[in-house]
Amino acid sequence: MNKCLICQGELEKAVSWRSVFFLDEQESACCADCSSKFCLIEGTVCPMCDRPQSEAKACYDCERWQADPLFGSVLASNHSVYHYNEFMKELISRYKYRGDAQLADLFYEPFRNVFSKHFSKNSLLIPIPLSKERLYERGFNQARLLADLLNAPIHEPLMRIHLEKQSKKTRTERLQTENVFFINGGSEFFGKNLLLIDDIYTTGTTIRHAAKLLIDHGAESVSSLTLVRG
């Protein structure tokens, strides 16, 4: 019997007409108790970044971004799947910092659902990269594993300078960070609609730095899809 990827409890396989007739079906990777702790983003949100709020208008942070002369128009919008509650905080820590890459399987259906709802299946996916040093340390890029769930074309033109972990910085320090990305080679994106993939949207700084670089290299538009809205 399969085990829950989160608590290692045994999973009971649900019988459906698809399973009776041996049709392909994505099996659940976690138990009902763990599933109940995920908190999907639903209801009224900021149309720019998916922050939950009482009105469907740009939130305070997005208004400030829109007023920025360098970054105001580089990101069309961000959509995220989950709230960043304590359960998700621990899960992301296991996924990113403790090398539990298999946890990406948990997000297969919800991540694909949000992608299908908001973006074209022909979108060119660009995972936010890790530095070479960080990739060696972790063994995998969590954003690339998320992009792999979407069955859409993936391109990896971005490279990243190795700096202190973003998770150790305050919000103000993140906003003041210089652009850590550069383009690998002579990639051109003239007229293309690009979709950045990352695990967490917090202040939007990382996403916008990457988006600006891609816009400067000819992209028609850049949006982002993130697993969690911090």
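All values derive from a computational prediction rather than experimental measurement.
- Between H217 and L213 the shortest heavy-atom distance is ND1-O, 2.9 Å.
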Worksheet entry | Steps toward side-chain contact (heavy atoms from CB on, under 4.5 Å) verdict (V74, V222) | CA-CA 7 Å; V74 299; V222 181; over 6 Å; no

Item to complete: List the steps, then state whether side-chain contact (heavy atoms from CB on, under 4.5 Å) holds for Y82 with I200.
Response: CA-CA 9 Å; Y82 297 112; I200 301 179; over 6 Å; no

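- For D100, the salt bridge (charged side-chain N to carboxylate O under 4.0 Å, His left out) partners are R94, not counting sequence neighbours.
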Show me the donor-acceptor pairs, under 3.5 Å and distance only, between side chains in residues 31-47 and residues at least two apart or in other chains.
from, atom 1, to, atom 2, distance (Å)
S35, OG, C31, O, 2.9
S36, OG, D33, O, 2.6

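- By the side-chain contact (heavy atoms from CB on, under 4.5 Å) test, A101 pairs with F140, L145, sequence neighbours left out.
- Classification of E137 and R134 as a salt-bridged pair holds, one side-chain N sitting under 4.0 Å from a carboxylate O.
- Aromatic ring centres of F71 and H209: separated by under 6.0 Å.
- A 6.0 Å sphere centred on CG of N85 holds more than 12 heavy atoms belonging to other residues, nucleotides or ligands.
- Side-chain contact check for M88 versus H83: every heavy-atom pair is 4.5 Å or farther apart.
- Expressed to the nearest 0.5 Å, how far CG of L214 lies from CD1 of I183 amounts to 5.0 Å.
- Each of Y95 and L135 belongs to its own hydrophobic cluster when Ile, Leu, Val, Met, Phe, Trp and Tyr are linked at side-chain heavy-atom distances under 4.5 angstrom.
- Considering only heavy atoms from C-beta on, L103 stays 4.5 Å or farther from R98 through its side chain.
- Put simply, the residue from R112, H118, K117 that forms a side-chain contact (heavy atoms from CB on, under 4.5 Å) with V114 is H118.
- With contacts defined as side-chain heavy-atom distances shorter than 4.5 Å, the pair H79/F119 qualifies.
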Worksheet item: When you look at F111 and L146, which way does the side-chain contact (heavy atoms from CB on, under 4.5 Å) test go after all the steps?
Response: CA-CA 8 Å; F111 203 63; L146 292 173; 3.8 Å; yes

Practice prompt. Apply side-chain contact (heavy atoms from CB on, under 4.5 Å) to the pair I197 and I154, showing each step before the final yes or no.
Written response: CA-CA 10 Å; I197 305 294; I154 298 174; over 6 Å; no

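- Atom OG1 of T205 and atom CZ of R208 lie 8.0 Å apart (nearest 0.5 Å).
- Note that the CG atom of D50 and the SG atom of C59 stand 10.0 Å from one another [nearest 0.5 Å].
- Here the CG atom belonging to L106 is positioned 4.5 Å from the CD1 atom belonging to I6, to the nearest 0.5 angstrom.
- Other residues, nucleotides and ligands contribute at most 12 non-hydrogen atoms within 6.0 Å of the CD atom of Q102.
- The backbone N or O of P153 sits nowhere less than 3.5 Å from a side-chain atom of N122 that would complete a donor-acceptor pair.
- The one candidate from L125, L158, T206 that meets the side-chain contact (heavy atoms from CB on, under 4.5 Å) condition with L196 is L158.
- Residue F181 comes nearest to P129 through the heavy atom pair CE2-CD, 3.7 Å, listed as atom of the first residue, atom of the second, then distance.
- If you take OG on S73 and CD on Q66, they are separated by 10.0 Å, rounding to the nearest 0.5 Å.
- Between K121 and F115, the shortest heavy-atom distance links the atoms CA-CZ, 4.0 Å.
- The same ILVMFWY cluster, assembled from side-chain heavy atoms under 4.5 Å apart, contains both L70 and W65.
- For R144, the salt bridge (charged side-chain N to carboxylate O under 4.0 Å, His left out) test picks out D148, E156, with sequence neighbours left out.
- Annotation: side chain of T203 is not in contact with side chain of D61 (no heavy-atom distance under 4.5 Å).
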Do any side-chain atoms of residues 223-230 form donor-acceptor pairs under 3.5 angstrom with protein atoms, and if so which ones, sequence neighbours left out?
from, atom 1, to, atom 2, distance (Å)
S224, OG, N78, OD1, 2.8
T226, OG1, N78, OD1, 3.2
T226, OG1, S80, OG, 2.5
R229, NE, C49, O, 3.2
R229, NH1, T202, O, 3.4

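- M48 and L195 fall into different hydrophobic clusters, where Ile, Leu, Val, Met, Phe, Trp and Tyr residues are linked whenever their side-chain heavy atoms come under 4.5 Å apart, directly or through other members.
- No donor-acceptor pair closer than 3.5 Å links the side chain of S116 to the backbone N or O of N113.
- Nearest heavy atom pair, residue A219 against residue L194, reads CB-CD1, 3.6 Å.
- The minimum heavy-atom distance linking P127 with H155 is given by the pair CD-O, 3.5 Å.
- Considering only heavy atoms from C-beta on, K3 comes within 4.5 Å of E10 through its side chain.
- Atoms CZ and OH, from R51 and Y60 in turn, are 11.0 Å apart once rounded to the nearest 0.5 Å.
- Residue Y201 comes nearest to L75 through the heavy atom pair CE1-CD2, 4.4 Å, listed as atom of the first residue, atom of the second, then distance.
- For E63, there are no salt bridge (charged side-chain N to carboxylate O under 4.0 Å, His left out) partners, not counting sequence neighbours.
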